[in-house]
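Just below is one structure, and these are the notes that go with it.
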Amino acid sequence: MKLLLLADTHVPKRAKKLPAEVWDAVDEADVVIHAGDWVGLSLFEELSARSARLIACWGNNDGDELRARMPERADVTLGGVKISVVHETGSTPGREKRMSAMYPDIDVLVFGHSHIPWDTVTGTGLRLLNPGSPTDRRRQPFCTYMTAVIEKSELREVVLHRIEPRLRSGDR
């Protein structure tokens, strides 16, 4: 089962649309997971229509329309892997210990908010994944998203994809 992990798309405020390579990844994925901060309802509707399956939550920048369409926390079991999707996990210091205590029966926690990619495993075996943002890199060198595979009840092949900045005309 192929997964696409997204967060912090901020369309249409930070970007007018998702990059083409992200749409290509949507088309290849069996499941798209979005960890909030959509900002506009239109991207949610477009991603819902185009995804084979969408698992999503809302973020702190999402208004009432989006909050009415999805939960603050989405829980799902995919191929035997228990996954929770939330937007915020609090500050970086102590994150692993806090999340292990908050999600004792979960295998993978997908989150967003910081726009900073994150991939760690806590002492209890909880995998923490933040795909960054495909549209707003903030202080990161690249915009990013993640892909992964679930096979034989295990999460495998987690890859952080960097979106190369588009060349301005005349830069070639």
Side-chain angles (χ1 to χ4, degrees), residues 1-11 15 17-19 21-90 95 99-100 102-122 125-136 143-161:
M1 180 183 307
K2 294 180 183 179
L3 308 180
L4 168 62
L5 282 58
L6 300 171
D8 298 292
T9 46
H10 292 271
V11 171
K17 59 185 180 178
L18 289 181
E21 75 179 79
V22 174
W23 283 117
D24 291 344
V26 169
D27 293 340
E28 293 174 13
D30 298 304
V31 180
V32 176
I33 297 174
H34 192 299
D37 269 6
W38 301 79
V39 179
L41 186 60
S42 63
L43 177 62
F44 171 75
E45 290 174 339
E46 188 175 3
L47 200 55
S48 294
R50 193 158 165 181
S51 301
R53 182 172 182 191
L54 176 64
I55 309 298
C57 69
W58 53 262
N60 62 299
N61 285 298
D62 296 328
D64 292 340
E65 280 188 313
L66 285 160
R67 291 176 189 220
R69 303 283 293 270
M70 66 193 86
E72 181 177 13
R73 172 182 168 177
D75 295 305
V76 65
T77 300
L78 299 172
V81 178
K82 295 178 185 175
I83 300 172
S84 282
V85 185
V86 298
H87 185 62
E88 296 186 54
T89 58
R95 175 179 287 142
M99 296 305 104
S100 288
M102 289 178 71
Y103 301 93
D105 299 323
I106 298 298
D107 301 312
V108 179
L109 178 65
V110 180
F111 67 100
H113 189 61
S114 68
H115 300 216
I116 299 170
W118 186 280
D119 182 356
T120 59
V121 178
T122 71
L126 173 65
R127 183 93 178 248
L128 299 174
L129 297 174
N130 183 332
S133 171
T135 56
D136 183 18
C143 289
T144 58
Y145 64 96
M146 286 180 170
T147 57
V149 172
I150 294 177
E151 187 175 53
K152 297 181 181 176
S153 299
E154 289 184 20
L155 185 73
R156 302 174 179 195
E157 301 176 38
V158 175
V159 177
L160 179 68
H161 299 267

>> So, taking the atom named CD in Glu28 and the one named CG in Leu4, what distance separates them when rounded to the nearest 0.5 Å?
In response: 9.5 Å

>> Does this structure show an ion pair linking Asp62 with Arg67, if we count only N-O contacts that are shorter than 4.0 Å?
In response: no

>> Would you say CG of Asn60 has more than 12 non-hydrogen atoms from neighbouring residues, nucleotides or ligands within 6.0 angstrom?
In response: yes

>> Donor-acceptor pair, distance only, cut-off 3.5 Å: does the side chain of Asn130 make one with the backbone of Gly112?
In response: yes

> Does the side chain of Thr9 come under 3.5 Å of the side chain of His34 through a donor N or O and an acceptor N or O?
Replying inline: yes

> Just by distance, do the side chain of Asn61 and the backbone of Val39 share a donor-acceptor pair under 3.5 Å?
Replying inline: no

>> Could you check whether atom CD of Glu45 has more than 12 heavy atoms from other residues, nucleotides or ligands sitting under 6.0 Å from it?
In response: yes

> Is there a donor-acceptor pair closer than 3.5 Å between any side-chain N or O of Arg95 and the backbone N or O of Gly90?
Replying inline: yes

> Below 4.0 angstrom, N of the basic side chain to O of the carboxylate: do Lys152 and Glu154 qualify?
Replying inline: no

>> Looking at Leu160, is its backbone amide N or carbonyl O close enough to the side chain of Thr144 to form a donor-acceptor pair, meaning the two atoms are under 3.5 Å apart?
In response: no

> Distance-only, no hydrogens or angles: does the Trp23 side chain make a donor-acceptor pair with backbone N or O of Leu47 under 3.5 Å?
Replying inline: no

> Using 30° and 60° as the class limits, which term best fits the ring planes of His161 and Tyr145: parallel, tilted or perpendicular?
Replying inline: parallel

> From Ser51 OG over to Asp30 CG, what is the distance, rounded to the nearest 0.5 angstrom?
Replying inline: 11.0 Å

> Does atom CD of Glu65 have more than 12 heavy-atom neighbours, drawn from other residues, nucleotides or ligands, at distances under 6.0 Å?
Replying inline: no

> If every non-hydrogen atom of Ala35 is compared with every non-hydrogen atom of Ala7, which pair is closest and at what distance?
Replying inline: CB-CB, 3.8 Å

> Among Val121, Leu3, Leu155, Val85, which residue meets the side chain to side chain contact (heavy atoms under 4.5 Å, CB included) test with Leu129?
Replying inline: Leu155

> With Arg127, which of Asp107, Asp119, Thr122 fulfils side-chain hydrogen bond (donor to acceptor under 3.5 Å, both in side chains)?
Replying inline: Asp119

